[in-house]
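The structure appears right after this line, and notes come after that.
We count residues from 1, following the sequence as given. Because only heavy atoms are used, hydrogens play no part in the values below, and waters and symmetry mates are left out as well, while side chains stay in.
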Amino acid sequence: MPSRALWIAMGLFAVVVSGPAAFGQQVDSEQPVLMTADDLSFDEDLGTATARGNVEIVQGERILNADAVTYNQRDDIVTATGNVVLLEPTGEVLFAEFAELTSDMREGFLRGFRMLLNDDSRLASVSAQRRGGVETELTRAVYSPCRNCLGFDDEPLWQIKARRVVHNAEEQEVVYRDATLELLGVPIAYTPYLSHPDPTVQRKSGILTPTFGTSSLLGSNIQVPYFWAISDESDLTFDPILSTDQLPVVTGEYRERFASGENRTRVSFTRDDAQTDKDRFRGHIDSETRFSIDELWRWGADIRLASDDTYLGRYGFRSDDTLTNRLYVEGFGSRSYAVAEGLYFQGLNDEDIQEETPIVAPNLEYSYISPPGGFGGMTTLDANLRALTREVGATSQRISLTPGWQISHTDSLGSITSFRTSVQGDLYNVNDAGTESGRENDVAGRIFPQAIVSWRYPWVRRSGPNSQIFEPLLALVVAPNAGNPDDIPDEDSQSIAFDETNLFDANRFSGTDRVEGGQRLVYGIRTGVFGELGGASTLTVGQSIRFRESNPFPSGTGLEDQISDIVANLQITPNRFMSLLYKTRFDHDSLRARRTEIAASVGPSALNVDLNYVFFDRTSGFPDREEVTASLQSKLTDQWSAQMETRRDLTTEGGTLSYGAALVYECDCMNFELVYNRTFTTDRDIPRVESLTFRITFKSLGQIGSSVL
């Protein structure tokens with residue numbers, strides 16, 4: 001048999017419609033062909049060559065098996081019969097009872113066609129016809145991606161049946177005629193026409209799956225996304241929100257990739273009369289840009305702005321209490337980090353006053369730690385230059401340098417002693433400060449040396465399958481008693497959260513503007529039990545004592561007295577079915593809890609309970625708050641799960657804040673969600689919300705759903 005006939009046989013099914021990557025594939029006639037068969041015969045009168053019995057033809061990574069393969073030289077036809085199987089290099093497996101194809105691969109016919117795609121989807125048809133070398137037509141075709149999700153009588157959970165499916169290789173498009181979607185064997189949707197790009201197309205412009213809903217704010221509404229593949233590197237998704245009770249919300253997202261970076265930008269705008277009873281323009285922009293300059297440096301920009309405080313929450317866009325805008329350049333060295341940035345903040349809370357919110361530009365920071373030198377000592381340097389301006393209120397410029405040196409030593413008994421010393425130097429230029437000195441413009445400076453010696457001695461004991469650790473902790477901090485002149489404004493140290501994570505820090509303020517002067521002793525213990533199977537329980541408890549009564553901390557922080565509050569952290573995880581986290585801060589006199597946080601998870605996946613409790617005493621430096629969130633999750637079967645949750649304010653004037661429930665079905669070809677939520681909080685023109693959302697996601701088709709509010 002001529003080699004040309006063999007590679008024609010090898011490519012028999014690669015050019016026939018098979019739904020996925022095999023569309024339009026060609027066989028390389030230059031590759032060598034290996035063939036095995038029980039019998040090989042030639043009929044010179046008929047001009048045919050036939051291989052029979054366990055025929056296997058291998059060319060490259062493509063393998064063809066059949067009971068018989070025949071090549072007719074006169075008609076230039078290749079025929080394969082009986083248990084025809086073709087394994088494609090891309091992973092697809094094609095099956096047929098009978099196939100006949102011309103040698104130029106432009107015309108052909110298959111009967112009893114089936115295919116297993118590389119994502120475990122399946123495609124079958126009564127017959128397949130190849131025409132003109134570019135178009136392939138399937139007759140009475142069935143497609144389903146369900147492999148493990150089966151309905152009645154082991155039928156696929158869902159499938160698409162079409163009277164005719166046509167693939168055009170030149171237009172890279174698949175068209176369905178008279179297509180029906182069946183769920184559990186029951187037709188649920190019909191369309192006379194459906195088209196989508198073939199699997200060789202990574203991205204193509206077109207309408208995406210719409211979403212529907214009703215709302216007390218918007219009335220009946222629909223969102224129909226249109227995807228525009230502008231180029232290989234950029235695209236635009238235009239997805240306006242159309243509603244019966246409001247003007248349309250025009251919104252879209254643009255994305256583009258470059259050789260060294262990327263950009264994503266979403267913009268929206270509309271007009272409504274919320275709050276003011278007068279139509280006004282409302283909108284937002286949310287953009288993120290990242291670019292690499294070289295292996296060490298990159299720059300980026302984050303832009304997040306809204307026309308007003310409630311727009312994002314009202315129309316369901318991503319929202320935070322504060323929108324942060326940032327333009328920066330940063331570099332990462334092997335032992336250093338540097339950044340130059342400008343920051344602009346937009347507060348969305350009702351009490352935020354934008355004119356008093358600072359603009360930080362520039363903010364320059366540099367950090368460095370040297371390699372270990374003699375005896376293991378390391379030199380450190382932290383530097384900062386910051387300029388801060390406001391429309392109303394104080395403006396300031398700051399230069400801060402903090403060189404330091406540190407060393408650690410482990411003795412023969414196993415105790416670890418560490419020493420660190422530093423000198424913080426700050427220079428401020430303050431305008432419109434309104435300080436007690438009566439000077440609105442002033443230059444202030446500070447030199448603040450500090451040294452800290454810490455010691456810990458871990459003791460480890462093994463008892464059967466468990467390991468126990470007991471570690472006393474001790475630190476002595478020495479610094480000048482003063483350090484916070486009235487002329488230095490506090491911009492970055494106003495938030496103070498005292499707990500076990502910063503108990504042993506040299507400066508327990510959150511920023512640089514305030515320093516913790518004086519001498520103090522810090523002590524605590526860390527203990528734990530660790531099991532061989534992964535269970536563990538740990539406890540950390542600590543407290544600090546200042547040698548002098550004076551202190552820089554405000555009341556309620558737990559550090560305002562000479563003896564600090566007691567902080568503790570308890571974590572218990574005996575097995576994978578239970579975990580408990582308990583964080584607290586006790587008043588050092590009354591031992592009454594001033595702050596408590598509890599997070600507990602109990603039970604296997606079949607029935608799991610999560611509980612989160614937060615309590616802040618009004619004397620803890622935060623507003624009086626007591627809140628609990630509880631949820632119940634159950635994995636009913638391998639596919640079905642359910643969840644219920646509630647959130648409640650436990651203060652005197654509190655009540656239920658929200659509750660909800662969800663029922664979810666997940667399998668390899670379909671996801672189903674039924675979600676109910678109700679909230680009882682309001683924020684100006686954002687009212688209480690009650691919603692019921694129904695959503696079905698079909699693999700490779702998209703999402704169908706609606707929401708009722």
Side-chain angles (χ1 to χ4, degrees), residues 333-338 365-384 400-426 446-460 469-484 493 496-528 538 540-548 550-553 558-559 562-564 566-567 569:
S334 59
R335 306 183 69 88
S336 63
Y337 171 76
E365 295 185 8
Y366 176 75
S367 297
Y368 171 77
I369 182 168
S370 71
F375 304 102
M378 293 181 290
T379 302
T380 64
L381 175 64
D382 294 300
N384 172 259
S400 178
L401 294 173
T402 307
W405 184 79
Q406 63 189 38
I407 192 171
S408 182
H409 174 69
T410 303
D411 62 24
S412 59
L413 297 177
S415 67
I416 304 169
T417 303
S418 300
F419 173 77
R420 172 174 170 78
T421 183
S422 64
V423 179
Q424 179 176 330
D426 304 307
R446 170 177 57 199
I447 300 295
F448 184 76
Q450 190 178 51
I452 178 171
V453 180
S454 61
W455 175 86
R456 58 190 180 95
Y457 195 3
W459 292 71
V460 179
I469 184 173
F470 178 82
E471 185 177 24
L473 310 168
L474 191 65
L476 175 65
V477 183
V478 178
N481 293 321
N484 297 299
S493 302
I496 303 169
F498 175 50
D499 58 21
E500 81 289 345
T501 62
N502 61 1
L503 173 65
F504 288 89
D505 287 356
N507 184 15
R508 290 176 287 193
F509 283 100
S510 57
T512 303
D513 288 337
R514 288 292 178 266
V515 295
E516 186 175 357
Q519 299 77 48
R520 67 182 183 273
L521 181 68
V522 189
Y523 50 87
I525 61 168
R526 183 184 296 122
T527 184
T538 60
T540 302
V541 181
Q543 189 180 38
S544 66
I545 299 178
R546 280 198 310 276
F547 295 165
R548 295 171 60 94
S550 61
N551 81 93
F553 294 99
L559 296 167
Q562 191 171 357
I563 300 177
S564 77
I566 302 170
V567 293
N569 180 309

A side-chain contact here means heavy atoms from C-beta on lying under 4.5 Å apart; do N384 and D382 qualify?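 The answer is no; the side chains never approach within 4.5 Å.
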
4.5 Å side-chain heavy-atom contact, Q424 and D426: yes

With a 3.5 Å cut-off and no angle check, do the side chains of S564 and R520 form a donor-acceptor pair? no

Show your reasoning for whether side chain to side chain contact (heavy atoms under 4.5 Å, CB included) applies to R420 and S422. CA-CA 7 Å; R420 172 174 170 78; S422 64; 3.9 Å; yes

Parallel, tilted or perpendicular: which fits the ring planes of W459 and Y457, with parallel below 30° and perpendicular above 60°?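 Ring orientation, 0 to 90° scale: tilted.
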
Under the 3.5 angstrom rule, does the side chain of [X] hit a backbone N or O of [Y] as a donor-acceptor pair?
X: N502; Y: A497; value: yes
X: N484; Y: V515; value: yes
X: N507; Y: R514; value: yes
X: T527; Y: I469; value: yes
X: R335; Y: Y368; value: no
X: R446; Y: G483; value: yes

State the [atom1]-[atom2] distance between [X] and [Y], to the nearest 0.5 angstrom.
X: F547; Y: Q562; atom1: CZ; atom2: CD; result: 9.5 Å
X: I563; Y: I545; atom1: CD1; atom2: CD1; result: 5.0 Å
X: T417; Y: D411; atom1: OG1; atom2: CG; result: 6.0 Å
X: T380; Y: Q406; atom1: OG1; atom2: CD; result: 5.5 Å
X: L503; Y: Q543; atom1: CG; atom2: CD; result: 9.0 Å
X: F504; Y: Y523; atom1: CZ; atom2: OH; result: 10.0 Å

How far apart are the closest heavy atoms of [X] and [Y], and which atoms are they?
X: M378; Y: P372; result: CG-CA, 3.7 Å
X: L474; Y: L521; result: CD1-CD1, 3.8 Å
X: I416; Y: S408; result: CG2-OG, 3.7 Å
X: P552; Y: E516; result: CG-CA, 4.3 Å
X: S400; Y: T512; result: OG-CG2, 3.7 Å
X: S544; Y: L559; result: OG-CD2, 4.3 Å

With W405, which residues qualify under ring-ring contact (aromatic ring centres under 6.0 Å, His included), at least two apart?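 If we apply the ring-ring contact (aromatic ring centres under 6.0 Å, His included) test to W405, skipping adjacent residues, there are no hits.
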
Please report, to 0.1 Å, the donor-acceptor pairs under 3.5 Å made by any side chain of residues 448-456, with sequence neighbours excluded.
residue : atom : partner : partner atom : Å
Q450    : NE2  : A506    : O            : 3.1
R456    : NH1  : E471    : OE2          : 2.8

Which residues satisfy the side-chain hydrogen bond (donor to acceptor under 3.5 Å, both in side chains) test with N551, sequence neighbours excluded?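 Result, side-chain hydrogen bond (donor to acceptor under 3.5 Å, both in side chains) vs N551: none returned.
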
Restricting to side-chain hydrogen bond (donor to acceptor under 3.5 Å, both in side chains), what partner residues turn up for T379, sequence neighbours left out?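 Listed in chain order: nothing, the list is empty.
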
Applying salt bridge (charged side-chain N to carboxylate O under 4.0 Å, His left out), name anything that partners D513, two or more places apart in sequence or on another chain. R386, R398

Taking only residues two or more places apart in sequence, or in another chain, which ones meet R546 in a salt bridge (charged side-chain N to carboxylate O under 4.0 Å, His left out)?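 Partners of R546 by the salt bridge (charged side-chain N to carboxylate O under 4.0 Å, His left out) criterion come out as none, since no residue qualifies.
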
